[in-house]
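First up is the structure itself, then whatever we jot down about it.
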Amino acid sequence: MDGSKLRRIVLVDDLRSFVDGRDAAVARSSAAGVALLERHRDERLDELWLDHDLGEADTIWPVVEVLERAAFEGRPFDIGVVHVHSANPAGAGKMAQALQRWGYRVRIASGSAAVGYLNE
């Protein structure tokens, strides 16, 4: 295959991974998530999976702010769909609302079987 079917997927979650082993770039903190987004700035992301609570006092908000700022500046990230898979309903709702406001396509995926805790 020529690679044109290769999907770019980014997961920002402190503990969970894709249970089916799909190829994805993974960030375990908000700082790593911001760095990963910046690395893929000029590429299309087919899927962006976001968890709200990232351990200790860390949350997804620095990542959301990068996405919002890019849209505000007229250069939103090219993302097929943002999957909000947080188990925190209030946080998931706020994330979805913030991103939808800036034109991102968002799907609430709380409880998704795609992500789970693996023995890594």
Side-chain angles (χ1 to χ4, degrees):
M1 201 170 274
D2 65 2
S4 63
K5 299 289 184 199
L6 181 68
R7 296 179 52 77
R8 281 200 175 85
I9 302 170
V10 169
L11 169 71
V12 183
D13 191 308
D14 59 325
L15 298 171
R16 291 173 287 187
S17 297
F18 288 111
V19 296
D20 61 6
R22 74 184 76 174
D23 188 32
V26 178
R28 297 295 185 194
S29 69
S30 62
V34 167
L36 199 51
L37 275 183
E38 293 300 339
R39 203 166 335 150
H40 291 284
R41 180 62 182 107
D42 296 315
E43 301 169 352
R44 171 160 176 91
L45 294 178
D46 296 293
E47 300 175 19
L48 175 60
W49 290 73
L50 302 177
D51 184 22
H52 183 275
D53 302 306
L54 300 174
E56 306 281 322
D58 194 14
T59 69
I60 199 65
W61 287 104
V63 173
V64 172
E65 289 167 3
V66 166
L67 295 166
E68 289 177 310
R69 188 176 324 110
F72 174 78
E73 293 170 353
R75 261 188 86 221
F77 281 79
D78 183 9
I79 302 169
V81 63
V82 178
H83 297 272
V84 175
H85 67 275
S86 178
N88 174 334
K94 288 177 185 173
M95 290 164 56
Q97 184 179 35
L99 293 170
Q100 287 169 334
R101 179 182 313 128
W102 289 105
Y104 292 102
R105 189 169 149 232
V106 179
R107 178 176 167 259
I108 300 283
S110 299
S112 173
V115 291
Y117 301 96
L118 304 180
N119 296 328
E120 294 182 18

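For reference, positions follow the sequence shown, starting with 1. What's counted below: heavy atoms across the whole structure, side chains too, no hydrogens, waters or symmetry copies.
Under the 30°/60° scheme for interplanar angles, the aromatic rings of His85 and Trp49 are found to be tilted.
A salt bridge between Asp42 and Arg75 is present, with a side-chain N of the basic residue lying under 4.0 Å from a carboxylate O of the acidic one.
Between Val26 and Phe18 the shortest side-chain heavy-atom distance does not fall below 4.5 Å. For the pair Val84/Ile60, no side-chain contact is recorded, criterion being any heavy-atom separation below 4.5 Å from C-beta on. Taking the side chain as every heavy atom from C-beta outward, Leu50 and Val63 approach each other to under 4.5 Å. In this structure, Val34 and Glu65 have side chains that are not in contact, with every pair of non-hydrogen atoms separated by 4.5 Å or more.
The two residues Val19 and Gly116 make their nearest non-hydrogen contact at CG1-N, 3.5 Å. Residues Ala98 and Glu68 approach most closely at CB-OE2, 3.5 Å, considering heavy atoms. Between Gly80 and Arg44, the shortest heavy-atom contact is CA-NH2, 3.1 Å. Here the shortest heavy-atom pairing between Arg41 and Ala70 reads NH2-CB, 3.7 Å. Counting all heavy atoms, side chain and backbone alike, Ala92 lies closest to Ser110 at CB-OG, 4.2 Å.
Here salt bridge (charged side-chain N to carboxylate O under 4.0 Å, His left out) pairs that include residues 52-62, with residues two or more places apart or in two chains, number zero.
Formation of a donor-acceptor pair under 3.5 Å by the Tyr104 side chain with backbone atoms of Pro76 is not found in this model. Counting only distance, with no hydrogens or angles, the side chain of Arg28 and the backbone of Gly33 share no donor-acceptor pair below 3.5 Å. Counting only distance, with no hydrogens or angles, the side chain of Asp46 and the backbone of Arg8 share a donor-acceptor pair below 3.5 Å. Asp14 places a side-chain N or O within 3.5 Å of a backbone atom of Gly55 that can act as its donor or acceptor partner. The backbone N or O of His52 sits nowhere less than 3.5 Å from a side-chain atom of Thr59 that would complete a donor-acceptor pair.
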Handout entry: Test side-chain contact (heavy atoms from CB on, under 4.5 Å) applied to Asp51 and Leu15, step by step
Key = CA-CA 10 Å; Asp51 184 22; Leu15 298 171; over 6 Å; no

Practice task
Start with the C-alpha gap between Val106 and Met95, add the side-chain angles, then the distance that decides, and say whether side-chain contact (heavy atoms from CB on, under 4.5 Å) holds.
Solution key: CA-CA 9 Å; Val106 179; Met95 290 164 56; over 6 Å; no

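Under the 4.5 Å side-chain heavy-atom criterion for ILVMFWY residues, a single connected hydrophobic cluster contains both Leu99 and Leu37.
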